[in-house]
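A quick write-up on the structure given underneath.
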Amino acid sequence: MNPIIKKIAVLTSGGDAPGMNAAIRAVVRTSSYHNLECVGVYRGYEGLIEGDFTPLNARSVKNIINRGGTFLKSARSQRFRTKEGRQQAYENLQKENIDALVAIGGDGTFAGAIVFNEEHDFPIVGMPGTIDNDINGTDFTIGYDTALNTVVEAIDKIRDTANSHNRLFLVEVMGRDAGDIALNAGIGAGAEEILIPEQDMGRDRLVASLKRSKKAGKSSSIVVVAEGDQIGKNILGLADYIRENLQEYEVKVTVLGHIQRGGSPSCYDRVLASRLGVSAVDALLDGKRDIMVGIMHNKIVQVPFAESIKGDNHIDLDLIRVADITSV
Ligand code: F6P
């Protein structure tokens, strides 16, 4: 155990994700278990810069495991990208006698943590919290499972009306740089086609494939489009293109948007957040820093921040095959 750490701060940063409250709760209660002081930071790195802190104890995090969003709030801090902003954040941490930080967020959060540690030699352990599942070194990020369930539920409803009217629906889902939500929710919801940033399908192949499935007897179709997909980026333009080249269908567009980020976390996300929260504090006490705690093959792992944000998203190619085969 590292005797230097007596007081830990916790923050949530970047896009919020269901399960972030469960993650904060686990960090606070693990701190309490080890008799450490714990402080919450509001609005991610913004709150660090402004010194917007609140003391937390085991009771402050009661009744939040089931709540979506993050009670500490979140932000994408531009000021933390500046040296001056980070210096201010460091001074506030010093003023509060905070020895270490748990940062819950995605790649932007971890990129900020790397620079901060380089400049100020400050212990930070990260927890992957984003619906996108686009972090290396962890099979799952907190919030992803809940978002998948939200998307599948929404597409099930769209299917009812698509089928009643023999329509084709383009359904845009989140995933700026990653197709994990589109691919898995697409398979789970039985989509005919799935467009993801990792694979450029091209508009013509899409239309040809939709024509084939129409000929094969399908009366309606669901196409799931990740927001970061090349041809799906302009989803209204894509809908126009399909209308021009596939007159057999009436084409509608639904953008699911931020409903994917809200809602009560699934049991999987609550358990994941709890396991990672305990591991994050344990790692700090073990003298670890500059790492993210993640989950691989259902085992907790520690991954250097630099590895976690490498950006080569690990789409399972076998899933693409499953999607193709099961949508004939
Ligand atoms: O990073 C998670 C995410 O939900 C992305 O899928 C999406 O592109 C982005 O956040 C939206 O961010 P904002 O809420 O800031 O518009």
Side-chain angles (χ1 to χ4, degrees), residues 11-21 23 42-47 68-81 103-113 126-155 170-186 189 194-199 224-236 238 253-266 269 272-273 276 292 294 305 308-315:
L11 58 78
T12 47
S13 158
D16 66 341
M20 279 185 162
N21 279 323
Y42 286 111
R43 290 171 301 114
Y45 293 134
E46 274 300 287
T70 157
F71 87 94
L72 286 178
K73 302 185 184 290
S74 194
R76 301 188 195 276
S77 174
Q78 291 307 319
R79 284 193 290 169
F80 200 71
R81 291 172 189 268
I104 306 164
D107 50 359
T109 306
F110 298 163
M127 292 170 64
T130 162
I131 64 163
D132 287 356
N133 207 38
D134 58 349
I135 302 293
N136 278 320
T138 187
D139 287 338
F140 299 106
T141 56
I142 298 163
Y144 171 60
D145 181 66
T146 307
L148 283 183
N149 287 312
T150 301
V151 172
V152 166
E153 197 184 325
I155 298 178
L170 299 181
V171 184
E172 186 190 278
V173 301
M174 278 188 170
R176 213 176 7 207
D177 308 306
D180 295 54
I181 294 179
L183 191 51
N184 283 282
I194 304 169
L195 307 184
I196 55 174
E198 294 84 352
Q199 188 200 44
V224 175
V225 184
E227 63 177 331
D229 177 73
Q230 281 312 311
I231 60 166
K233 258 183 190 143
N234 175 0
I235 195 158
L236 297 177
L238 178 62
V253 173
T254 302
V255 176
L256 294 184
H258 285 77
I259 66 159
Q260 295 163 92
R261 289 234 299 255
S264 180
S266 66
D269 275 330
L272 177 64
L276 293 179
M292 169 198 85
F305 276 139
S308 74
I309 60 169
K310 261 197 340 220
D312 44 351
N313 193 38
H314 47 84
I315 274 287

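For reference, positions follow the sequence shown, starting with 1. Start at 1 and go down the list; that is how both ligands and their atoms are numbered. FYI, side chains are in, hydrogens and waters are out, and symmetry mates aren't considered; it's all heavy atoms of this structure.
- Residue contacts with ligand 1, taken as heavy atom pairs separated by less than 4.0 Å, involve His258 solely via side-chain atoms from C-beta onward.
- Here is the list of ligand 1 atoms found below 4.0 Å of a heavy atom in Gly175: 6 (O).
- The protein heavy-atom contact nearest to atom 12 (O) of ligand 1 is Arg76 NH2, 2.8 Å.
- Of all protein heavy atoms, the one lying nearest to atom 2 (C) of ligand 1 is Asp132 OD2, 3.4 Å.
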* **Residue pair Ser77, Glu46: steps toward the side-chain hydrogen bond (donor to acceptor under 3.5 Å, both in side chains) verdict** => CA-CA 5 Å; Ser77 174; Glu46 274 300 287; 2.6 Å; yes
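- Looking only at atom types and distance, the side chain of Asp269 has a donor-acceptor partner in the side chain of Thr146 under 3.5 Å away.
- Summary of contacts: the protein heavy atom closest to atom 7 (C) of ligand 1 is Glu227 OE2, 3.1 Å.
- Here the rule is side chain to side chain contact (heavy atoms under 4.5 Å, CB included) with Ile315, and of Leu183, Asn133, Asp134 only Leu183 fits it.
- Of all protein heavy atoms, the one lying nearest to atom 3 (C) of ligand 1 is Arg261 NH1, 3.5 Å.
- For ligand 1, the polar-atom distance check against Ile131 finds no nitrogen or oxygen pair separated by under 3.5 Å.
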* Decide yes or no on side chain to side chain contact (heavy atoms under 4.5 Å, CB included) for Ile181 and Tyr144, but give the supporting numbers first. => CA-CA 8 Å; Ile181 294 179; Tyr144 171 60; 3.9 Å; yes
* Going through the distances and angles, do Ile131 and Thr141 end up as a side chain to side chain contact (heavy atoms under 4.5 Å, CB included)? -> CA-CA 7 Å; Ile131 64 163; Thr141 56; over 6 Å; no
* Verdict with reasoning, Met174 to Leu256, per side chain to side chain contact (heavy atoms under 4.5 Å, CB included) -> CA-CA 8 Å; Met174 278 188 170; Leu256 294 184; over 6 Å; no
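- Ligand 1 is never approached by Gly106 to a heavy-atom distance shorter than 4.0 Å.
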